[in-house]
Amino acid sequence: MEEKETQSFLQKGMDNLKQSVSLKLFVITVLALLLLIPTSMVESLIEEREANRDFAIQEVSEKWGSEQVLSGPFLSIPYKKLHQSKEGVTTYSVHYAHFLPESLVVNSKVDPITRKRGIYEVVLYNGALDVAGHFKKPDFKIWNIDPELILWEDATLSIGISDLTGIQERIRIKWNERVLPISPGLVNHQVTSSGVSTRVPIADAGVYNFGFKLSLNGSTRLGITPIGKETKIAMKSPWPNPSFNGRFLPDNHDINESGFSANWTVLDLNRNYPQQWLASNQKIDESVFGVDFILPVDEYQKNMRSAKYAALIIALTFLIFFLVEVLNQKRFHPIQYALVGLVITIFYALLLSITEHLGFQLAYLIAASMTVSLILTYISSIFKSTRLSIITGIALSGIYFFIYVILQLQDFSLLVGSLGLFIALGTLMFLSRKVNWYNINPQTEAA
């Protein structure tokens with residue numbers, strides 16, 4: 001008798017646990033948290049695929065030409081510095097004085113090229129740069145250097161180019177009335193680390209005009225260092241999606257479907273290094289500005305942003321199913337919650353894989369349709385109610401549409417997301433306003 005009473009007591013306890021709303025909410029919450037583990041694995045997969053894309057870009061760029069920065073031309077003139085030993089022996093060491101041009105004018109035409117590396121698209125370009133300007137005669141008087149110690153015959157004109165792989169034609173520079181060939185390498189690396197140079201004659205002329213043309217292959221970015229006392233840059237390209245970057249934005253620009261044009265004017269007062277200095281590195285690269293030739297949409301960034309909302313989608317989906325249980329006396333087992341949650345996490349893997357071939361927008365439509373259809377088919381067999389299945393399908397579709405809208409509105413995503421969640425929470429509060437949470441006793445059996 002006592003054994004039967006014990007079994008009856010245990011059975012009654014088990015029934016109470018099965019119908020406990022608090023326990024069900026606790027189990028659902030634990031499941032939602034556990035589902036964040038595979039979601040984080042999807043985020044890692046997105047990062048891995050993005051790294052593969054970056055590696056493909058780097059591999060192609062190394063052969064074509066990487067990001068290019070033009071820093072020059074500038075004059076480097078050596079001078080002797082005398083040293084007197086204790087024994088009275090005089091020796092000397094050679095140092096360099098560097099001089100920047102009074103004016104620098106660069107007119108550039110940049111033709112973008114897109115190449116495929118596997119499934120990845122890489123943006124390359126060929127830049128045709130026409131460079132001109134002038135120097136005034138270098139003046140050593142401000143440093144009180146003896147004119148006899150200046151090695152005028154070793155004066156060097158240097159042009160800083162970040163990746164010499166991209167040079168497509170021989171460079172010949174016009175120096176006043178003379179045309180001089182350019183040799184690879186720099187006499188020192190006190191101004192920039194990579195480039196070409198040539199010896200130039202420094203005579204009694206007050207002004208030294210220069211000009212040269214440069215055909216340069218590169219990828220992703222083209223930058224220019226404003227080393228002139230007055231630097232004027234004009235750039236044109238048929239690329240319709242430029243991203244202006246660096247220390248200075250264009251004074252004016254025009255962007256349309258056929259390309260862009262932009263103009264910059266930078267004075268020496270706008271940057272933090274002088275027109276001439278001795279030896280030390282002045283970090284002129286900190287003033288670089290230019291254009292990034294970017295693809296219109298970073299698909300991996302959108303995938304990552306989408307994955308950040310996984311917890312929200314899981315929470316809202318579980319909440320919908322829980323309210324269906326409460327309001328319609330249906331039963332949804334925790335294992336069924338888990339299966340639906342796994343389908344939601346697989347959505348992100350589908351989205352990523354389809355995006356790499358069809359683009360984000362179409363991929364989102366396909367992945368969301370597949371996910372909602374699978375969940376709807378599954379719950380239809382559980383609810384056995386056309387009305388509930390349609391309502392649930394509309395609610396799920398609304399969730400994915402809501403997330404899609406947030407992803408498109410970068411500047412207003414926080415505002416729209418906050419308002420959307422406020423409205424969703426208000427709707428759930430309204431629907432559940434008459435529920436007696438202390439007396440919920442579903443009559444139907446578990447599916």
Side-chain angles (χ1 to χ4, degrees), residues 65 68-79 96-110 125-139 150-218 222-236 264 266 268 273 275-277 282 284-285 287-288 290:
Q68 295 287 10
V69 176
L70 174 67
S71 303
F74 55 89
L75 276 173
S76 297
I77 301 177
Y79 64 94
Y96 285 89
H98 305 289
F99 301 86
L100 304 183
E102 291 293 294
S103 68
L104 177 65
V105 179
V106 181
N107 293 304
S108 56
K109 174 69 166 58
V110 184
Y125 65 78
N126 174 260
L129 287 73
D130 190 350
V131 184
H134 75 275
F135 291 88
K136 66 179 183 181
K137 185 173 182 178
D139 183 9
I150 303 172
L151 304 176
W152 295 103
E153 66 277 10
D154 293 328
T156 303
L157 184 73
S158 302
I159 304 170
I161 300 172
S162 57
D163 185 3
L164 301 182
T165 306
I167 298 176
Q168 295 302 293
E169 299 176 357
R170 286 202 169 274
I171 305 171
R172 295 185 179 276
I173 187 165
K174 186 176 181 181
W175 182 256
N176 279 348
E177 300 303 321
R178 299 180 61 177
V179 177
L180 305 173
I182 293 286
S183 301
L186 303 171
V187 294
N188 61 70
H189 298 94
Q190 295 173 352
V191 180
T192 186
S193 60
S194 175
V196 295
S197 60
T198 184
R199 295 282 182 86
V200 291
I202 302 295
D204 294 330
V207 175
Y208 301 91
N209 296 308
F210 65 85
F212 62 91
K213 296 183 184 297
L214 180 62
S215 178
L216 197 62
N217 284 348
L222 175 59
I224 295 175
T225 307
I227 63 172
K229 193 169 186 177
E230 181 181 64
T231 301
K232 292 186 175 182
I233 310 296
M235 188 179 297
K236 293 182 179 181
W264 295 260
V266 182
D268 59 337
Y273 50 88
Q275 283 299 111
Q276 59 187 61
W277 67 87
Q282 292 290 329
I284 66 172
D285 56 319
S287 65
V288 173

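Nothing here was measured: the structure is a model prediction, and the numbers come from that model. Just so it is clear, the values below take in all heavy atoms, side chains as well, and ignore hydrogens, waters and symmetry mates.
The shortest distance between side-chain heavy atoms of Ile167 and Val196 falls below 4.5 Å. Taking 4.5 Å as the limit, some side-chain heavy atom of Met235 sits within range of a side-chain heavy atom of Trp264. Using a 4.5 Å cut-off on side-chain heavy atoms (C-beta onward), Leu216 and Leu70 make no contact. No side-chain heavy atom of Ile224 sits under 4.5 Å from any side-chain heavy atom of Val288.
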Exercise for the section: Show your reasoning for whether side chain to side chain contact (heavy atoms under 4.5 Å, CB included) applies to Asn126 and Gln168. Expected result: CA-CA 9 Å; Asn126 174 260; Gln168 295 302 293; 4.0 Å; yes
Practice task
Could you walk me through whether Phe212 and Leu129 pass side chain to side chain contact (heavy atoms under 4.5 Å, CB included), step by step?
Solution key: CA-CA 8 Å; Phe212 62 91; Leu129 287 73; over 6 Å; no
Handout entry: Verdict with reasoning, Tyr125 to Asn217, per side chain to side chain contact (heavy atoms under 4.5 Å, CB included)
Key = CA-CA 6 Å; Tyr125 65 78; Asn217 284 348; over 6 Å; no
Exercise for the section: Step by step, work out the side chain to side chain contact (heavy atoms under 4.5 Å, CB included) result for Leu214 and Ile161. Expected result: CA-CA 10 Å; Leu214 180 62; Ile161 300 172; 4.1 Å; yes
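Between Phe135 and Phe210, the distance separating the two ring centers is shorter than 6.0 angstrom.
The shortest heavy-atom contact between Asn176 and Tyr208 is OD1-CA, 3.4 Å. Taking every heavy atom of both residues into account, Pro138 and Ile77 meet most closely at CG-CD1, 3.4 Å. Of all non-hydrogen atoms in Leu222 and Val110, the two that sit nearest each other are CD2-CG2, 3.7 Å. Summarising the geometry of Pro73 relative to Leu104, their closest heavy-atom pair is CD-CD1, 4.1 Å, with the distance given to 0.1 Å. Contact record, Ser194 with Ser162: OG-O, 3.7 Å, taken as the closest heavy-atom pair. Residues Leu180 and Pro201 share a closest heavy-atom pair of CD1-CD, 4.2 Å.
Residues forming a side-chain hydrogen bond (donor to acceptor under 3.5 Å, both in side chains) with Gln275 (at least two apart in sequence, or on another chain): Arg271. Under the rule for a side-chain hydrogen bond (donor to acceptor under 3.5 Å, both in side chains), the partners of Thr225 that lie at least two apart in sequence or sit in another chain are Ser71. The side-chain hydrogen bond (donor to acceptor under 3.5 Å, both in side chains) check on Glu230 picks up nothing, with sequence neighbours excluded. Applying the side-chain hydrogen bond (donor to acceptor under 3.5 Å, both in side chains) criterion to Lys109, with sequence neighbours excluded, gives Asp111.
Listed by first and then second residue, the side-chain hydrogen bond (donor to acceptor under 3.5 Å, both in side chains) pairs involving residues 96-108 are Ser76-His98, His98-Gln190, Ser103-His134 (not counting sequence neighbours). Listed by first and then second residue, the side-chain hydrogen bond (donor to acceptor under 3.5 Å, both in side chains) pairs that reach into residues 150-159 are Asp154-Arg199, sequence neighbours excluded.
Expressed to the nearest 0.5 Å, how far OG of Ser193 lies from CG of Asn188 amounts to 11.5 Å. To the nearest 0.5 angstrom, Gln282 atom CD is 11.5 Å from Gln276 atom CD. The distance from atom OG of Ser197 to atom CD1 of Ile182, rounded to the nearest 0.5 Å, is 7.0 Å. Atom-to-atom distance recorded for Phe99:CZ and Asp139:CG is 7.5 Å, nearest 0.5 angstrom. Remark: Ile227 CD1 to Phe74 CZ distance equals 7.0 Å, nearest 0.5 Å. Note that CG of Asp268 and OH of Tyr273 are 9.5 Å apart. Values are rounded to the nearest 0.5 Å.
The backbone N or O of Gly223 lies less than 3.5 Å from no partner atom in the side chain of Gln68, so there is not a single donor-acceptor pair. Of the possible polar contacts, one joining the Thr198 side chain to the Pro181 backbone as a donor-acceptor pair under 3.5 Å is found.
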